[in-house]
Amino acid sequence: MIINIPRGTKDILPGETEKWHAIEELIRDTCRLFQYKEIRTPIFEHTELFTRGVGDTTDIVQKEMYTFTDRGDRSLTLRPEGTASVVRSYVENKLFGLPNQPVKLYYMGPMFRYERQQAGRFRQFFQFGVEAIGSNDPSIDAEIIALAMNVYKKAGLKKIKLVINSLGDTESRIAHRNALIDHFSPAISQFCSDCQNRLLKNPLRILDCKVDRENELMAKAPKLPDFLNAESAAYFKKVKHYLDILNIKYEVDPNLVRGLDYYNHTAFEIMSEGKGFGAISTLAGGGRYNGLVEDLGGPEVPGGIGFAMSIERLLLALEAEGEIIETTDSLDVYVVAMGEAAKDKAVSFVSLLRQNNITAEMDFLDRKVKAQMKSADRLNAKFSVVIGDNELESGIVSLKYLANGKQQDLTFEKIIEDFTEIASRAMEELA
RNA sequence: GCGGGCGUGGCGAAGUGGUUAACGCAUCGGAUUGUGAUUCCGACAUUCGGGGGUUCAAUUCCCCUCGUUCGCCCCA
């Protein structure tokens, strides 16, 4: 009886991991350019962090959390998203006291949500996220968005779209919320059961409903932008202004509502427009969360803003666009051995090559020369070397350049000494 | 939580109510006793996710189950 991988999870195997490395490297480089520093928080937290931070009316908290009780009878939850943990750490470690504010952080790691799997959706998925905490300057909103767009651009994505909206401050949101309740209440019975539940808890999310999208009340619903107070409207205008300066195109979608409770002011999503991407097109989402630090027991500080993107979806989107990720993994020398004595030599020679930073491989199945050569070919080795009795006696081996089959007789020592030169000369000859 | 598709060798994939379960790739051996393309020859599923039923007979029909995948809600 073999044991299978849990539903909704995935093994990332060689051939695929190289792509992940490339993406991760690109992300770290970008964060360095933008001066965001990595933070690593635990993969599980007290359940309360998420119910309080993310909000208990959200889908995440209501039906998607991996919650368990540990041996000390504590309720813990595998993190469904990153922001709550980062803000918790910010408060707990008093990062608000650091001399340089805002505090600019990034994280990468697995997140967990109990959902049915489909294309681009997993129970364990990998997010890269960024948070800038401690500034209410709209230019940092734009910087955060720019960082995300930058990653996508560098990865090679072309068909992406930035959608933004402003949820406004608390005052604006309450005004809008009341208007929504007044608008939908009289006819709420004709809406789906989800929406009926949303009416009082979080009427904003009715606008997000796909089931009742066609209902005529939807189109006539009070629009958030009409309820933004002067301050909120000015803030949003500034964000757009900075995006313009950065030459980042965007589409304002007044119906864009993020699924987490802590958002206010700027909200945005980056979507893929690539064909064959599946039903889910959101690559990244984020927004501003003024007040979250206080909600989680921190002092009154300027607000924060951040986003999270899924690495799986980035890879999917790249594939949909036919983009190939360049990976650098090459084999310099494949050492073929014939017989016991030659194998001894092969073991030591391979080791010596590696000590000299030359990637080397050999056969571990005692196969025939032909089979070993075939391996060399399939592994895409640059060179092969065959060691047999003759070579052991003379100390001279034929170094074969597999691209054109040319061989040259050299001592073992010479190969090590001049490898870089030999390789570049062989490559030139080919060209 | 709800709805659809699929489950045949390491992988991809045909197929039919009845004893030969195609083919392709990969792998291994040989033609070539020490050299990778190609070519040729040969080997490679007592078995068609699991359980039950119908039948003289089931991989093929029915039921259940498990797995997987896509979609809905919602999101990354």
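The sequence lines fix the lettering, A, B, ..., with proteins before strands; numbering per chain opens at 1. Every value quoted in this text rests on a predicted model; they were computed, and no experiment measured them. Just the heavy atoms: all of them, side chains too, but no hydrogens, waters or symmetry mates, feed the values below.
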By nearest heavy atom, map F126(A) and A119(A) onto RNA chain B; which one lands nearer the 5' end? A119(A)

Who does U33(B) pair with, Watson-Crick or G-U, both distances under 3.5 Å? none

Which value, in whole Å, describes the distance between the P atoms of nucleotides G53(B) and U60(B)? 14 Å

Calculate the interatomic distance between F307(A) atom CZ and C75(B) atom C1'; express it in whole Å. 17 Å

Interatomic distance at P, U32(B) relative to A58(B), whole Å: 50 Å

Who does C6(B) pair with, Watson-Crick or G-U, both distances under 3.5 Å? G67(B)

Across all strands shown, which nucleotide pairs with G1(B) by Watson-Crick or G-U wobble geometry, both distances under 3.5 Å? C72(B)

Does a side-chain N-to-carboxylate-O contact under 4.0 Å join D141(A) and R288(A)? yes

Rounded to whole Å, the CE-C1' distance (M108(A) to A76(B)) equals 15 Å

Nearest-Å distance once atom P is located in both C48(B) and G29(B): 30 Å

Nearest-Å distance for atom pair CD/C1', residues Q124(A) and A76(B): 13 Å

Taking for each residue the nucleotide of RNA chain B bearing the nearest heavy atom, is the 5' side occupied by A308(A) or by R116(A)? R116(A)

Base, sugar-phosphate, or nothing: which does L314(A) touch, judged by heavy atoms less than 4.0 Å apart? nothing

Determine the contact category for E312(A): base if any of its heavy atoms lies under 4.0 Å from a base atom, sugar-phosphate if only primed atoms, P, OP1 or OP2 are that close, otherwise nothing. nothing

Are K223(A) and D226(A) within salt-bridge range, i.e. N to O under 4.0 Å? no

Take atom NZ of K10(A) and atom C1' of G67(B), then tell me their distance rounded to the nearest Å. 14 Å

Taking CG from L13(A) and C1' from C11(B), how many angstroms apart are they, rounded to a whole number? 13 Å

For the ring pair Y289(A) and Y262(A), is the centre-to-centre distance below 6.0 Å? yes

Tell me whether E131(A) is salt-bridged to K104(A), with the criterion being a basic N under 4.0 Å from an acidic carboxylate O. no

Name the pairing partner of A21(B), where a pair is Watson-Crick or G-U wobble with both distances under 3.5 Å, or state none. none

Can the positive tip of K345(A) be found less than 6.0 Å from the middle of the six-membered ring of F412(A), inside 45° of the ring normal? yes

Tell me: CG of D59(A) to P of C2(B), nearest whole Å? 17 Å

For F122(A), answer base if it contacts any base atom (sugar-phosphate contacts may also be present), sugar-phosphate if it contacts only those atoms, and nothing otherwise; contact means non-hydrogen atoms under 4.0 Å. base

Nucleotide by nucleotide, 5' to 3', does protein get under 4.0 Å of the base (B), only the sugar-phosphate (S), or neither (-) in nucleotides 33-38 of chain B, counting heavy atoms? -BBB--

Under-4.0 Å side-chain N/O to phosphate OP1/OP2 contact, Q118(A) with G71(B): yes

Does A43(B) have a Watson-Crick or wobble partner in any strand here, with both distances under 3.5 angstrom, and which is it? U27(B)

Write down the distance between CZ (R79(A)) and C1' (A76(B)), rounded to a whole number of angstrom. 13 Å

Taking E269(A) first and then K161(A), would you say they form a salt bridge - that is, a charged N and a carboxylate O separated by under 4.0 Å? no

Using a heavy-atom cut-off of 4.0 Å across all strands, would you classify R113(A) as base, sugar-phosphate, or nothing? base

Quick one: do R354(A) and E361(A) make a salt bridge, cutoff under 4.0 Å? yes

Counting any heavy atom closer than 4.0 Å, what does G120(A) reach on the DNA or RNA strands: base, sugar-phosphate only, or nothing? base

Is the distance from OP1 or OP2 of U68(B) to the nearest side-chain N or O of Q117(A) less than 4.0 Å? no

Salt-bridged, E115(A) to R123(A), with N to O below 4.0 Å? no

R121(A) vs C74(B): side-chain N/O to OP1/OP2 distance below 4.0 Å: no

Note: K406(A)-E429(A) ion pair, threshold 4.0 Å (strictly below): yes

Quiz item: E115(A) side-chain donor-acceptor pair to A76(B) base, under 3.5 Å: yes

Between P on G67(B) and CZ on R123(A), what's the gap in Å once rounded to a whole number? 10 Å

